[in-house]
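Everything on this sheet refers to the single structure shown next.
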Amino acid sequence: MQHWLQGRSAQAVVEGVSFIVALFGCVVLHEFGHALVAQRFGIATKDITILPIGGVARLDRMPDKPLQELWVALAGPASTW
């Protein structure tokens, strides 16, 4: 809506919608990063919830080893670089 009010053109609307879609895609990639690395360590992901403020990957359990937990934590941000 804000893009339309500022630009008042179809291009402004396309830019605004493209931004929202790209943001949604980044959040999905971020959560899949957590889930896929957890899966590599034998931990299943119950579900992934995408919210307007971010997302949550719900794992069955946390990794047993601290280094594995670190990899799972870092995988989300690393997947969106």
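Keep in mind the model is a prediction, meaning the values are calculated, not measured. When reading the values below, keep in mind they use all heavy atoms of this one structure, side chains included, and skip hydrogens, waters and symmetry mates.
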Practice prompt. Have a look at Thr80 and tell me which of Val27, Leu29, Val28 forms a side-chain contact (heavy atoms from CB on, under 4.5 Å) with it.
Written response: Leu29
Worksheet item: With side chains defined as the heavy atoms from C-beta onward, is the minimum distance between Leu59 and Val72 less than 4.5 Å?
Response: yes
Fill in: From CG (Asp47) to CD (Glu31), nearest 0.5 Å
10.5 Å
Worksheet item: Taking C-beta and beyond as the side chain, do Ser9 and Glu15 meet within less than 4.5 Å on heavy atoms?
Response: no
Worksheet entry | Cluster link Phe32 to Ile50, ILVMFWY, side chain under 4.5 Å | yes
Worksheet entry | Exercise: identify the closest heavy-atom pair between Gln68 and Pro63 | CB-CB, 3.6 Å
Practice prompt. Could you check if a side-chain atom of Arg58 sits within less than 4.5 angstrom of a side-chain atom of Thr49, using non-hydrogen atoms only?
Written response: no
Worksheet, complete the sentence: Note: Ala35 and Ile48 closest approach over all heavy atoms is CB-CD1, 4.1 Å
Fill in: Sidechain-backbone polar pair: His30 side chain, Gly76 backbone, donor-acceptor under 3.5 Å
yes
Worksheet item: In Å, rounded to the nearest 0.5 Å, how long is the span from CE of Met62 to CZ of Phe41?
Response: 11.5 Å
Worksheet item: Can you hop from Leu74 to Ile43 via hydrophobic side chains spaced under 4.5 Å?
Response: yes
Practice prompt. Take Thr45 and Gln39 through the side chain to side chain contact (heavy atoms under 4.5 Å, CB included) test and state the conclusion after the steps.
Written response: CA-CA 7 Å; Thr45 302; Gln39 182 181 20; 5.8 Å; no
Worksheet item: Can you hop from Leu51 to Leu23 via hydrophobic side chains spaced under 4.5 Å?
Response: no
Practice prompt. Heavy atoms only: give me the nearest Ala75-Val37 pair and the separation to one decimal.
Written response: CB-CG2, 3.3 Å
